[in-house]
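Order of the sequence lines fixes the chain letters, A, B, ..., with proteins taken first and strands second; residue numbering starts at 1 for each chain. All of these numbers come straight from a predicted model, not from anything done at the bench.
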Amino acid sequence: MITEGSVAVVASRVRGEERRIFEALQRRGVEYVHLDSRTLWTFCDTTQTRWPAVLNREIGYERAVTVARTLEAFGAAVINSAAATEICGDKWRTTLALCKAGLPVPRTALACTPDAAQTALDAIGYPAVIKPLTGSWGRLVTLVRDRQMAETVLEYVAAMPAPQSRLVYVQEMIGHGGRDIRAIVVNGEVLGTIYRRSEGWRTNLARGAIAEYCPLTPELNKLASSAAAAVKADIAGVDLIEDDDGRILVLEVNHGVEFAGFQYAMRDRVDVANEIVDCLLERLVHGVER
Amino acid sequence: MVSCPECEAQVMVPSPVHTHDILECDECRMELEVLSVSPMVLGLAPEVEEDWGE
């Protein structure tokens, strides 16, 4: 029986996606609690969760991981799990997980200092891309066209105050013809794929890229589901890119997937919010051990 | 309609509206958060933080 408060949705910012999830819960007659993570606090000796199943839609990475870790410690089944959120929120950890699973990724390196990053960039070759380890929406992702530009960008990186910002994630630039592919995976099932087209080199919808329907091929299906499994994510937005040779590579996996553009491009082929609610209710029934 | 807490212009509130919904002021383009529905109270939405994302 689904009782009042059995299910909680953690979110400090209610976007269109969260609103659709709330509406899907209401349509199913599920009594849920919206937890604004900005108001959350707890004693350390809490022994039991008030919410057996929790959907974590917190937009801030640090808060998302902390809330998931805490609720899991109290016995809740959290989607996505803290482990998955930690991996997806860190581009290097994601790349390591994808590589370990044998999935194709662009040539990528992590350098522990900006000086080491210069050496790594020289090894990868130009043009290349420097990305922050955390963050999203293409923010601070920098296209480095040659060594001179790399030296300048790395001077700025060296001046960043946070030690984590001086760990440098560098990647070969994949010529993608102005588009990449976003797949959404829920509970191991690939809901579909869309193209994200852009006139610029970054194809994030948050930066104005256009979402278009992309037929789901067996190859995309396998890569997307394998990528989600590699990072242990129940709900995942998998970014894929096709290189000049037609090879499809996995770029990254997002744990708090935004799906407004995806839903628009997919039209009535799938209801993402409904699928997410299905996944949440399954975890409510089966708990942490699935 | 309710006043924008930044520029005091009148902001159209959609229906239905929920606590924590994000609105935008047509005048000053500030993002506003619905802090309370009854009474209707708008506040400035939090600024995007470094670790925000998908």
Side-chain angles (χ1 to χ4, degrees), chain A residues 9 11-19 22-23 26 34-39 57-66 80 85 88-91 132-140 160-162 164-165 182 184 204-206 233 235-239 252-259 261-262, chain B:
Chain A
V9 179
S12 61
R13 190 174 173 94
V14 177
R15 297 161 288 180
E17 285 86 354
E18 283 71 36
R19 210 172 294 128
F22 294 154
E23 288 166 2
Q26 289 159 11
H34 168 212
L35 300 176
D36 181 350
S37 54
R38 293 169 297 181
T39 67
R57 294 285 307 176
E58 169 53 38
I59 197 168
Y61 173 59
E62 298 296 340
R63 252 189 332 231
V65 169
T66 300
N80 279 309
T85 304
C88 293
D90 180 318
K91 289 187 174 62
L133 285 182
T134 59
S136 208
W137 309 320
R139 201 172 47 219
L140 296 181
M160 300 284 270
Q164 198 208 25
S165 302
R182 161 63 62 92
I184 292 184
N204 308 82
L205 296 180
I235 300 169
V238 181
D239 292 344
E252 60 183 71
V253 187
N254 299 278
H255 59 88
V257 60
E258 293 171 337
F259 55 83
F262 181 92
Chain B
M1 301 284 269
V2 60
S3 288
C4 171
E6 178 75 2
C7 71
E8 300 183 353
Q10 292 295 296
V11 177
M12 181 77 79
V13 178
S15 178
V17 67
H18 307 94
T19 310
H20 305 306
D21 279 356
I22 303 292
L23 311 176
E24 188 177 283
C25 174
D26 287 339
E27 281 292 313
C28 67
R29 314 308 299 183
M30 286 296 289
E31 280 194 328
L32 307 172
E33 180 176 356
V34 178
L35 301 178
S36 159
V37 172
S38 184
M40 177 60 62
V41 179
L42 300 180
L44 299 183
E47 301 257 339
V48 174
E49 294 188 47
E50 195 178 323
D51 72 338
W52 278 22
E54 285 192 88

Honestly, the part of A:R19 sitting under 4.5 Å from a heavy atom of chain B is side chain
Of all heavy-atom pairs linking B:D21 and A:V14, the shortest is OD1-CG1, 3.6 Å
Residues passing the ring pair (Phe, Tyr, Trp, His ring centres under 6.0 Å) test with A:H34, sequence neighbours excluded, are A:F22, B:H20
Residues 24-54 of chain B vs ring-ring contact (aromatic ring centres under 6.0 Å, His included), sequence neighbours excluded, gives none
By residue number, those in residues 4-15 of chain B with heavy atoms under 4.5 Å from heavy atoms of chain A are none
Against chain A, residues from residues 25-42 of chain B with at least one heavy atom under 4.5 Å, in numeric order, are B:E31, B:E33
Under 4.5 Å to a heavy atom of chain B? For A:S165 that would be side chain
Closest heavy-atom pair, A:R13 versus B:P46, reported as atoms and distance to 0.1 Å, is NH1-O, 3.8 Å
Taken to the nearest 0.5 Å, the spacing of A:Y61 OH from B:E49 CD works out to 15.0 Å
